[in-house]
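This is a predicted model, so every value here is computed, not measured. In what follows, chains are A, B, ... by sequence order, proteins preceding strands, each numbered from 1.
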Number of protein chains: 2
Amino acid sequence: MWSRCSLGALRTHRYPYLLTPAFAQTVRFSSGTTTTMDAVKTRTVDTTERLAKLRELLKKPENNVKVFIVPSEDQHFSEYPAHSDERRAFISGFNGSAGCAIITLRDAFLFTDGRYFLQASEQLDSNWKLMKQGLPDVPTWQEFLSKHLEQGTRIGIDPTLISAVDAESLQKSLEPRGSELVSLQQNPVDIVWGKDRPPCPHNSVFPLDVKYAGESFQDKLQRLREEITKKNAVASVVTLLDEVAWLFNLRGTDIDFNPVFFAYAVVTPTKAILFMNDAQVQQSIKTFLGSDVEIRPYESFIPSLRQLTATLGASKDKPMLLGDKTSLAVVEAIGQENAVLIPSPVAAMKAIKNETEIEGFRKCHIRDGAALIRYFAWLEEQLNKGVELNESQAAAKLEEFRSELDLFRGLSFTTISSTGPNAAVIHYSPDPDDCAIIRKDQVYLCDSGGQYLDGTTDVTRTLHFGTPTNEEKRAFTRVLQGHISIDTAVFPTGTSGYIIDSFARRALWQEGWDYRHGTGHGVGHFLNVHEGPHGIGTRIAYNSTPLKAGMTVSNEPGYYADGRYGIRTESVVIVREADTPNNFGNGYLCFEHVTMCPIQTKLIDFSVLTAQEKEWLNSYHAETLEKVGPLLRNDLRALQWLERECSPV
Amino acid sequence: MWSRCSLGALRTHRYPYLLTPAFAQTVRFSSGTTTTMDAVKTRTVDTTERLAKLRELLKKPENNVKVFIVPSEDQHFSEYPAHSDERRAFISGFNGSAGCAIITLRDAFLFTDGRYFLQASEQLDSNWKLMKQGLPDVPTWQEFLSKHLEQGTRIGIDPTLISAVDAESLQKSLEPRGSELVSLQQNPVDIVWGKDRPPCPHNSVFPLDVKYAGESFQDKLQRLREEITKKNAVASVVTLLDEVAWLFNLRGTDIDFNPVFFAYAVVTPTKAILFMNDAQVQQSIKTFLGSDVEIRPYESFIPSLRQLTATLGASKDKPMLLGDKTSLAVVEAIGQENAVLIPSPVAAMKAIKNETEIEGFRKCHIRDGAALIRYFAWLEEQLNKGVELNESQAAAKLEEFRSELDLFRGLSFTTISSTGPNAAVIHYSPDPDDCAIIRKDQVYLCDSGGQYLDGTTDVTRTLHFGTPTNEEKRAFTRVLQGHISIDTAVFPTGTSGYIIDSFARRALWQEGWDYRHGTGHGVGHFLNVHEGPHGIGTRIAYNSTPLKAGMTVSNEPGYYADGRYGIRTESVVIVREADTPNNFGNGYLCFEHVTMCPIQTKLIDFSVLTAQEKEWLNSYHAETLEKVGPLLRNDLRALQWLERECSPV
């Protein structure tokens with residue numbers, strides 16, 4: 001699944017958040033959380049009173065700002081915020097995944113992009129002006145602040161909700177008008193929200209056994225300490241939830257789909273301090289971490305940072321290392337002169353999977369493939385029998401099959417189960433109360449994934465249960481050729497995903513087709529399904545991170561015919577050293593695919609497939625049959641379906 | 001032919017200059033200029049006296065500098081400097097194409113790269129220290145200036161020989177040590193050189209008929225004026241020789257291989273001033289330019305700039321437009337506050353060929369192909385007869401065939417005629433007095449091109465006149481697959497050559513092979529064989545210039561096995577609008593190849609070629625036979641060779 005684009009300068013990926021608590025009090029994930037979505041989506045909230053209260057707070061002497069920014073982000077820049085962090089939804093009434101609210105003393109503006117124009121216009125009350133970013137002459141919220149406000153405006157922000165990097169560039173753009181960004185001590189939205197604000201989740205936290213993680217947290221800390229020494233720093237501050245979870249081999253269920261928990265960490269050459277909610281510090285966690293890690297309360301993070309900066313003697317020459325997604329609040333606590341913002345060393349370490357993690361990826365993808373194959377076989381039978389099934393009911397069946405698998409811990413994102421025109425909506429997710437019936441005469445696209453103790457999956461297959469049109473077949477084949485071109489690519493050490501992205505598009509371009517999303521994102525190991533810093537795509541940022549052996553990345557070209565059909569073929573691949581006949585330069589890399597699920601040959605236009613591509617397909621199907629077949633002993637329907645779908649072409 | 005890399009931050013492309021005057025007093029080019037190369041190459045010049053005189057000048061009060069930089073550049077950043085501009089060769093004795101001399105009051109350093117370590121060590125006398133750039137712990141000349149000199153050193157430079165952009169970044173790097181770059185009024189090397197300095201060439205200049213240029217110079221001026229108005233500027237200053245030549249539809253023979261003449265131009269909304277040597281202003285030029293262009297002496301350029309800046313009222317808000325390769329001297333004359341440095345608008349206009357130029361490209365490439373085919377047929381016969389021929393003798397025969405062609409005006413660069421291991425030297429050019437005998441049992445690589453009134457050619461073919469090894473065939477085929485992949489690429493509007501470069505390398509990468517040069521450079525229309533701003537390659541700068549319909553670009557992947565053999569297959573292609581079945585987005589582009597010369601099928605390893613690639617090859621050969629065949633009526637040997645080489649596979 002390709003991550004949703006973010007709004008303007010916000011560089012985090014996000015999914016539409018879910019309004020019901022997803023995983024409360026259980027180690028097991030569940031995505032059965034969309035049931036109330038529809039009702040909420042169309043409900044307009046009266047924000048008159050909220051806005052009036054907020055404006056009173058803005059005018060108070062301790063704030064004294066004329067404008068307040070309410071972004072979508074939480075303090076960890078999580079892809080999915082917890083409900084307690086849905087401040088923008090609370091203040092505006094608009095609960096789409098991407099948007100930024102700007103409230104002045106007189107007006108209120110909600111900035112969002114084309115995916116949410118309709119939803120926002122339905123949800124916003126008359127207090128709000130919808131700013132349709134992307135339309136001509138509509139500024140981004142950053143441009144609005146720098147160009148459409150009076151000279152010398154004081155603009156309030158909660159410094160925990162904006163990255164220091166974004167804050168700096170925003171501040172720079174404000175300078176020509178003499179405006180300034182003002183960090184407020186307490187978020188006024190939280191004050192207005194008051195007792196109605198949901199509590200911050202603190203679900204149970206559990207250690208991930210080294211038999212899955214492949215490396216003890218002590219060894220990871222040791223490697224991080226080497227980085228700290230190499231960079232001549234006094235400490236590394238870890239603020240992203242998946243980085244903390246990875247570093248300490250801990251997992252949680254505070255955030256939908258992402259097995260993480262609310263925490264920060266500071267690592268010095270001799271100490272490791274983990275900041276987490278007291279309620280989550282069970283005895284098992286204390287025992288697991290032992291004397292190697294000091295646990296402090298989550299709330300004490302910012303004051304502790306101030307104190308640590310002094311104790312450690314952080315300075316320009318001996319700085320604290322901060323990842324480039326660190327919040328302004330953290331930088332302010334440490335002092336800009338004592339910190340250095342760099343691409344996160346933990347992200348770089350986490351991106352390269354060790355052999356245990358890689359083996360886990362292989363295994364969980366085989367199991368995950370079995371669930372998917374059972375599902376497709378079942379779905380085909382239902383449709384052939386004439387059973388009426390909507391997209392959401394079908395997705396629930398897929399989740400049921402997945403939930404029977406060993407080591408399953410929930411979905412890795414909301415299943416995209418989409419028929420016909422819905423498949424052309426790149427980030428479609430079916431509304432259980434109002435979604436389409438899956439039709440035999442339409443393309444069906446299913447993008448889904450699971451969380452397992454031994455890895456995370458993300459797979460898309462597009463199928464047709466009737467007779468596809470020639471155009472659908474041509475599009476499917478061109479997408480498949482791009483997929484094969486990435487799968488079989490060999491490239492020199494040092495090559496980034498920016499450079500090889502064109503391999504995935506070449507065949508589509510021949511037809512005058514393309515797709516407006518990336519080709520591949522990193523995939524966490526029993527962690528976030530989207531992780532960086534690498535990726536395959538047209539974002540120039542990807543050019544800064546060469547692909548390295550051990551990195552996981554999705555391979556998911558697609559094509560979307562608006563209002564008609566959509567096609568995507570996605571597998572997860574792992575970067576490996578290539579055994580090339582020669583070695584000009586400094587070594588070559590290639591991909592190993594771990595996703596095991598047939599690619600529907602019925603949808604192939606063989607007139608454009610090369611002999612080599614046909615060979616690849618047969619070999620992939622032989623491998624899939626061999627690896628997944630044995631898991632389907634108790635589901636004859638699935639086994640027969642698999643055997644048929646894997647027949648050589 | 002791929003352009004030679006430049007040294008350090010110098011971004012001009014250059015070829016080894018030739019020591020004898022090449023085209024003096026003739027409109028016809030000749031490359032028969034390498035006869036004295038060998039002798040000169042190994043001669044050591046005693047620079048003691050020159051250096052002593054130079055140091056006296058540096059100490060004079062009007063200079064008062066402790067260091068002086070002598071780069072390779074001329075004041076127009078030409079690829080090939082005139083002999084009068086070979087200051088670095090004069091002062092150091094080293095005459096390779098790339099290098100920078102740094103002279104302090106005590107020491108003298110010559111910085112060059114791996115291609116010239118041997119030649120430089122042979123040519124430099126004991127006054128000089130050779131700085132082998134690229135070796136570990138050897139600084140670039142810029143690093144040397146910023147890190148290896150005393151605090152507060154005044155460093156002299158001739159501001160006409162360094163671009164303002166490079167000067168600024170150099171100045172910035174000097175600041176931490178408080179050193180500064182000082183523009184000297186007169187180049188002290190020129191004073192030392194004195195009467196021995198060759199005169200600046202002023203060979204004849206001639207108009208290029210609009211039947212070849214396709215657009216009158218008045219219309220070009222008009223388009224440039226529209227750019228000036230659009231940019232809210234008062235004038236555009238044109239300092240590169242090929243830009244001046246293109247803008248005024250004039251050509252000259254002052255520089256080897258490049259049909260240009262020494263000139264500058266300033267264009268305002270109402271005026272066009274051409275600065276050129278009086279001796280070159282013949283009546284035909286005056287008549288051609290008429291009242292649309294004012295001609296002023298070349299020497300008056302800098303004083304005129306000062307005066308024009310005042311007259312035109314240039315300012316920050318109404319600046320003079322300067323191309324990004326403009327010299328520091330020009331910026332100093334105008335005043336930095338009155339100028340804006342941008343990618344040259346003339347370069348952008350020149351890069352997109354009009355339909356007349358494109359038709360000229362097609363035609364001259366067919367004629368050029370005929371000469372090349374005659375040559376290869378002749379060469380094969382000679383070798384089969386057992387005639388002993390060295391690389392240079394063979395190249396001379398090729399020039400002879402070219403010189404018989406209509407509209408021929410000389411070579412576009414020194415012919416690379418190389419056998420076996422010499423073919424692995426990417427920028428090899430045979431020394432007539434000491435070069436290899438072409439062997440039937442070795443790969444033969446020939447990279448050559450011509451200047452014609454209707455276009456410029458640049459073509460590489462690699463052949464084997466005996467029995468190639470399996471490895472040579474595999475390498476040839478992988479290179480060919482990259483060549484075909486570029487030739488057949490379709491890509492969306494807005495795509496740069498940086499993005500599609502990987503298409504050319506993919507097949508080689510599969511073998512663990514690659515090449516350390518770009519894949520394609522722009523080709524001028526009866527102008528420099530290397531032109532920008534676009535290109536296909538791994539230089540990130542190419543990512544700033546999308547390929548556009550009408551641009552020419554070479555398609556020249558290669559593979560080089562050091563000490564054994566080298567392979568390159570190069571054709572010139574023109575970017576055209578693609579007629580794709582669909583149009584997702586904003587249009588698609590493709591390439592039209594214009595080079596017409598067979599690709600040797602004997603060298604193909606058919607086990608890795610796809611059916612589609614075979615089809616491409618047969619179609620290319622059928623096209624070549626059809627287009628060039630009729631030109632070979634009087635050379636039966638060549639026609640038979642062509643027919644055999646174009647037989648379908």
A.B. asks: Would you mind checking which part of B:F491 comes under 4.5 Å of any heavy atom in chain A, side chain (CB onward), backbone (N, CA, C, O), both or neither?
C.D. replies: both

A.B. asks: Under a 4.5 Å heavy-atom cutoff, which of B:I499, B:T495, B:D501 has the most pairs with chain A?
C.D. replies: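 That would be B:I499.
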
A.B. asks: With a sphere of 6.0 Å drawn around CD of B:E577, does it hold more than 12 non-hydrogen atoms of other residues, nucleotides or ligands?
C.D. replies: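 No.
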
A.B. asks: Tell me if the CD atom of A:Q336 is crowded by more than 12 foreign heavy atoms within 6.0 Å.
C.D. replies: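 Counting neighbours around CD of A:Q336, 12 or fewer heavy atoms of other residues, nucleotides or ligands fall under 6.0 Å, so no.
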
A.B. asks: How close do A:W509 and B:I500 get, heavy atom to heavy atom, and via which atoms?
C.D. replies: CZ3-CG2, 4.4 Å

A.B. asks: Can you tell me which of B:A489, B:C590, B:A561 forms the most heavy-atom pairs within a distance under 4.5 Å of chain A?
C.D. replies: B:A489

A.B. asks: Could you look at A:I540 and say if it's the side chain, the backbone, both or neither that has a heavy atom under 4.5 Å from chain B?
C.D. replies: side chain

A.B. asks: Apply side chain to side chain donor-acceptor pair (under 3.5 Å) to the pair B:S502 and A:R506, showing each step before the final yes or no.
C.D. replies: CA-CA 11 Å; B:S502 54; A:R506 181 185 167 94; over 6 Å; no

A.B. asks: Side chains of A:Q612 and B:V608: does their closest heavy-atom pair fall under 4.5 Å?
C.D. replies: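 No, side chains not in contact.
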
A.B. asks: So which part of B:T488 gets closer than 4.5 Å to some heavy atom of chain A, the side chain, the backbone, both or neither?
C.D. replies: both

A.B. asks: Can you check whether B:F584 reaches A:Y559 side chain to side chain, under 4.5 Å on heavy atoms?
C.D. replies: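 In contact.
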
A.B. asks: So which of A:A578, A:G587, A:S485 has the largest heavy-atom pair count under 4.5 angstrom toward chain B?
C.D. replies: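 Most pairs with chain B among the choices: A:S485.
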
A.B. asks: So, do A:T580 and B:Q510 sit near enough that their side-chain heavy atoms are less than 4.5 Å apart?
C.D. replies: no

A.B. asks: Measure up the B:Y498 and A:Y498 rings against each other and bin them: parallel (under 30°), tilted (30 to 60°), perpendicular (over 60°).
C.D. replies: tilted

A.B. asks: Looking only at atom types and distance, does a side-chain atom of B:N582 sit under 3.5 Å from a main-chain N or O of A:E511, one as donor and one as acceptor?
C.D. replies: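 Side chain of B:N582 to backbone of A:E511, a donor-acceptor pair under 3.5 Å: yes, one is there.
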
A.B. asks: For atom CD of A:E623, is the number of surrounding heavy atoms from other residues, nucleotides or ligands below 6.0 Å larger than 12?
C.D. replies: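 For A:E623, atom CD is crowded (more than 12 foreign heavy atoms under 6.0 Å).
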
A.B. asks: Minimum heavy-atom separation for A:D514 and B:Y588, please, with both atom names.
C.D. replies: CB-OH, 3.6 Å

